[in-house]
Each structure stands twice: as structure tokens, then as C-alpha cells.
Participant: 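Mind looking over this structure? Questions follow.
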Number of protein chains: 2
Amino acid sequence: MADATAHDRSAPLDPDMFHPLCPSSAMPFRVGDKWSGMVIRCLQGGPRRFGELRVPLKAVTPKVPSETLRAMERDGLVTRTAYDENPPRVEYALTPLGRTLIPLLDAARAWSETHLPALLAARRAAGQPA
Amino acid sequence: MADATAHDRSAPLDPDMFHPLCPSSAMPFRVGDKWSGMVIRCLQGGPRRFGELRVPLKAVTPKVPSETLRAMERDGLVTRTAYDENPPRVEYALTPLGRTLIPLLDAARAWSETHLPALLAARRAAGQPA
DNA sequence: AGCGCCGATTCCGTTGCGGTAACCGGGGGT
DNA sequence: ACCCCCGGTTACCGCAACGGAATCGGCGCT
């Protein structure tokens, strides 16, 4: 194993999970703010640095994760740990409370995998009779 | 079991479910539009007339259910049946696809019942240290 | 000295969602 | 004739969320 402390940064953030074609954008669920769900997914495998969270979010400005993370911290869903080291390092991790949301996300994803195509088909049929 | 084909209009819409203190407003989940979840709950027990849906929504104008219902109809979540009778009557019912969302709503509610107090406590502690 | 990295924060513009108000149209009752 | 009920629809307004650009500050490297 590469790292004993906890998580594997070498298999960190499944890129496929975040690419633009991910049906997340279409699925009729929302957990907290727009990006909260994705943050939870990112942190699911262990603590992450701020910059790491931006990897899948490379399209967005740092404001997005920063804002989301602080809101989640207020709600007791993540912890923020700033290390006063030379290259500033900050790590975020899910709290137990935050982890309780994972099953919900799983359920939402499962629903989407099963039923989202039907929903989209219905929408297309009704919205674009052409 | 009471009846699957029909529904009981005498125990129609649990008022407690919709009163302003319901934590729905605070819970960090969203299914579709703001009112979609509530519509599903309303239709869970069987078809409802437009006016019936407004009972728990008595605070809102007809636009809200109308809009929500049409969006859900487009997505294949509900069916709309207009009876060309004397007093105009329209009934809405969940489709099988729409019913697949019920477990999600149940899961969201279960989460809220279990964990929402902790989240609110954390928010209060962090947001209002005073 | 200047550049760049890390980790943010703040401001600002836009967009979309949510909500209120007003209007429509037919039938029946008084 | 008038009003009311049922079942909507449309137009308009306001706010909060979303997203982007610009800025900040310490430190190391060149």
C-alpha cells in the first residue's frame, strides 16, 4: 500500500464521475448546495487538500469549493484542518455526520442509473414532439 | 391493506406533513423543483384533484401546483386526466416512474429525522457562537 | 526583485427559481 | 344579470443562488 495513514491519493478522484456528461446535472436530486454532493464524493475516500478538490473542478474558480466547504463546515459535515507548514496546506475531511449522507447519494445515483433514462425519454417525448 | 386500485380520500393529506414547521424546508435535499416532493407525497395515496392538491398548499397560488405538475408530467412522473364533466374535474396521479421516487423521499425523510437535529445544532454552534 | 504557488476572500453581474397578482372561460344557482 | 365555483394561465417582480474576475499574503525559487 502506498499510504498507511488513510487514503489512496493515487486513485483519488474518478474523473468520469465529474465529467460534463455525468447525468448528475440532469438528475432531479440535490444535496445541499450545487457542489456539496460532489465534495462529499471527493472526500469519501479520505481527506483531501484544497487543491485536490479543484482537480475535478478545474473548470471552476476557487470560490466554488471554498464557499461550499465553509457552508459544509458550518453544518458539521466536514472538518477543516490547516497545517501551519511552509507550503500552506489545508485538508478537508468528512465528519461522521457528513458520512451519513453517502448512502443518500448512493441511493440517488442508483435511482438515476435505473430511471433517469426513462425520465429523459419522457421529457424528450413531451417537450420535443418534433 | 385498504385498497390499491382506489384511494382513501377521507384520510387524504396529512396536514402535519405540510405545516410550516416541517423540517422539509431545512433539510439539505431537494427532489426536482421545490414542490415536487410534496406533490409526490400528496399523490402517494392515489389520484388527487387539482383543488385537493391546493389544500395543503393553501398558502400558495394555483401557479405553484400547476407549474410543478406540468413539469412532472413532462418528465413522466405524473399523469393528468381531465374529465369533461359538468363541474370540471382534473385528476393527477403518479406514474410507476413517479412512484420510484417515493423510496428516495423516504430515505431523505429518514435521514432528516435522524441527523437533521445534529446538522442544525452544528450550524447554530458555528454560525452563532454567541 | 520579481514570479509563481498555495489557499483563499471579496465584489459584481447574471440567471433562474419562487411567489404574488391579475385574468380567463364555462356552467349552475339565485 | 350577477356571482360563485372549478381549473387553470399569463405577466410581472424580487431574491437568492451561481459563476467569473480580480485581489491578497506568505514563502521559495531564480
Side-chain angles (χ1 to χ4, degrees), chain A residues 9 12 18 20 24-39 42-43 47-75 78-93 123 127, chain B residues 9 12 18 20 22 24-39 42-43 47-75 78-93 123 126-127:
Chain A
R9 294 192 188 273
F18 305 107
S24 305
S25 32
M27 74 166 109
F29 307 107
R30 177 70 76 79
V31 176
D33 289 331
K34 186 176 183 185
W35 300 96
S36 301
M38 196 149 78
V39 167
C42 290
L43 296 178
R48 296 282 173 196
R49 304 184 50 168
F50 184 82
E52 281 183 295
L53 293 175
R54 292 199 56 204
V55 172
L57 309 175
K58 54 186 179 302
V60 301
T61 63
K63 190 202 100 170
V64 171
S66 175
E67 220 171 50
T68 305
L69 285 164
R70 284 214 285 153
M72 294 177 74
E73 194 191 358
R74 276 198 303 273
D75 286 351
V78 301
T79 55
R80 181 184 184 276
T81 309
Y83 298 89
D84 200 6
E85 302 171 352
N86 177 340
R89 186 164 62 95
V90 183
E91 281 196 339
Y92 295 89
R123 184 179 297 178
Chain B
R9 293 193 187 276
F18 305 107
C22 177
S24 306
S25 33
M27 74 166 110
F29 306 107
R30 178 69 76 82
V31 175
D33 289 332
K34 184 176 183 185
W35 299 97
S36 301
M38 196 148 77
V39 167
C42 289
L43 295 178
R48 299 282 172 195
R49 305 183 49 167
F50 185 82
E52 284 184 294
L53 292 175
R54 293 199 54 203
V55 171
L57 309 176
K58 55 187 177 305
V60 302
T61 63
K63 191 202 107 171
V64 171
S66 176
E67 216 171 54
T68 305
L69 285 164
R70 284 213 284 154
M72 293 177 74
E73 195 192 357
R74 275 199 304 271
D75 286 351
V78 300
T79 56
R80 180 184 183 277
T81 308
Y83 298 89
D84 198 7
E85 301 170 353
N86 177 339
R89 186 163 62 96
V90 183
E91 280 196 339
Y92 295 90
R123 183 179 298 177

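Fair warning: this is a prediction, and the values are worked out from it, not measured in the lab. Within every chain, numbering begins at 1; the chains are lettered A, B, ... in the order of the sequence lines, protein sequences first and strands thereafter.
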Participant: OH of B/Y83 versus P of D/dC6: gap in Å, rounded?
Facilitator: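 Between P of D/dC6 and OH of B/Y83: 18 Å.
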Participant: Which whole-number value in Å describes the distance from B/E91 CD to D/dG7 C1'?
Facilitator: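 One finds 13 Å between C1' of D/dG7 and CD of B/E91, rounded.
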Participant: Whole Å only: how far is the CZ atom of A/F50 from the P atom of C/dC5?
Facilitator: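 Atom-to-atom, A/F50 to C/dC5, this comes out as 15 Å.
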Participant: Measure the distance from CZ on A/R30 to P on D/dA16 and round it to the nearest whole Å.
Facilitator: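 After rounding, the gap between these two atoms is 16 Å.
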Participant: For C/dA8 and A/Y92 - does any side-chain N or O of the residue sit under 4.0 Å from the phosphate oxygens OP1/OP2?
Facilitator: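 Yes, A/Y92 has a side-chain N/O under 4.0 Å of OP1/OP2 on C/dA8.
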Participant: Taking only N/O atoms, report every protein-nucleotides 28-30 of chain C pair under 3.5 Å with atom names and distance.
Facilitator:
from: C/dG28; atom 1: OP1; to: B/N86; atom 2: ND2; distance (Å): 3.1

Participant: Using OP1 and OP2 only, check whether a side-chain N or O of B/W35 sits under 4.0 Å from C/dG19.
Facilitator: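 Yes, within the criterion.
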Participant: Of the nucleotides C/dG18, D/dG8, D/dA21, which one has an atom closest to the side chain of A/T61?
Facilitator: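 Of the candidates, D/dA21 comes closest.
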Participant: Of the nucleotides C/dG7, C/dT9, D/dG7, which has the atom closest to the A/S66 side chain?
Facilitator: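 Nearest listed nucleotide: C/dT9.
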Participant: What distance separates A/T68 OG1 from A/K63 NZ, expressed to the nearest 0.5 Å?
Facilitator: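 One finds 8.5 Å between OG1 of A/T68 and NZ of A/K63.
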Participant: Taking only side-chain nitrogens and oxygens of A/R49, does any of them come within less than 4.0 Å of OP1 or OP2 of C/dA8?
Facilitator: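 The answer is no; no side-chain N or O of A/R49 sits under 4.0 Å from OP1 or OP2.
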Participant: Counting only side-chain heavy atoms from C-beta out, which of D/dG19, C/dG7, D/dG8 sits nearest to A/P88?
Facilitator: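 From the listed options, C/dG7 comes nearest.
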Participant: Are any of A/R89's side-chain N or O atoms less than 4.0 Å away from OP1 or OP2 of C/dA8?
Facilitator: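 A/R89 to C/dA8 OP1/OP2: no side-chain N or O under 4.0 Å.
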Participant: If I take atom CD from residue A/E91 and atom CG from residue A/L53, how far apart are they, to the nearest 0.5 angstrom?
Facilitator: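 The CG atom of A/L53 is 10.0 Å from CD of A/E91, to the nearest 0.5 Å.
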Participant: How far apart are the closest heavy atoms of B/S36 and B/V31, and which atoms are they?
Facilitator: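 Closest pair (atom of B/S36, atom of B/V31, distance): CB-O, 3.3 Å.
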Participant: Between the base of D/dG19 and the side chain of A/K63, is one N or O donor paired with an acceptor at under 3.5 angstrom?
Facilitator: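 Checked by distance alone, the answer is yes.
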Participant: To the closest 0.5 Å, what do you measure between CG (B/D33) and CZ (A/R30)?
Facilitator: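 One finds 10.5 Å between CG of B/D33 and CZ of A/R30.
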Participant: Specify the separation, in whole Å, of atom CG of B/D33 and atom C1' of C/dC17.
Facilitator: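 Atom CG in B/D33 sits about 8 Å away from atom C1' in C/dC17.
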Participant: From A/T79 OG1 over to A/M72 CE, what is the distance, rounded to the nearest 0.5 angstrom?
Facilitator: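 One gets 10.5 Å once the value is rounded to the nearest 0.5 Å.
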Participant: If every non-hydrogen atom of B/Y92 is compared with every non-hydrogen atom of B/L43, which pair is closest and at what distance?
Facilitator: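 Of all heavy-atom pairs spanning B/Y92 and B/L43, the closest is O-CD2, 3.3 Å.
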Participant: Could you check how far CD of B/E52 sits from P of D/dC6, rounded to whole Å?
Facilitator: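 About 11 Å, once rounded to whole Å.
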Participant: Separation of B/E85 atom CD from C/dG26 atom C1', in whole Å?
Facilitator: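 One finds 15 Å between C1' of C/dG26 and CD of B/E85, rounded.
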Participant: With sugar-phosphate meaning primed atoms plus P, OP1 and OP2, does B/P62 contact a base, only sugar-phosphate, or nothing at under 4.0 Å between heavy atoms?
Facilitator: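 Base contact.
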Participant: Below 4.0 angstrom from OP1 or OP2 of D/dG8, is there any side-chain N or O of B/R70?
Facilitator: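 Answer no for this pair, as no side-chain N or O of B/R70 is under 4.0 Å from OP1 or OP2.
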Participant: Is any side-chain heavy atom of B/P62 closer than 4.5 Å to one of B/F50?
Facilitator: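 Yes; the side chains approach each other to less than 4.5 Å.
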Participant: Just the rounded figure in Å: distance from C1' of C/dA8 to CZ of A/R48.
Facilitator: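 My rounded result for the distance is 20 Å.
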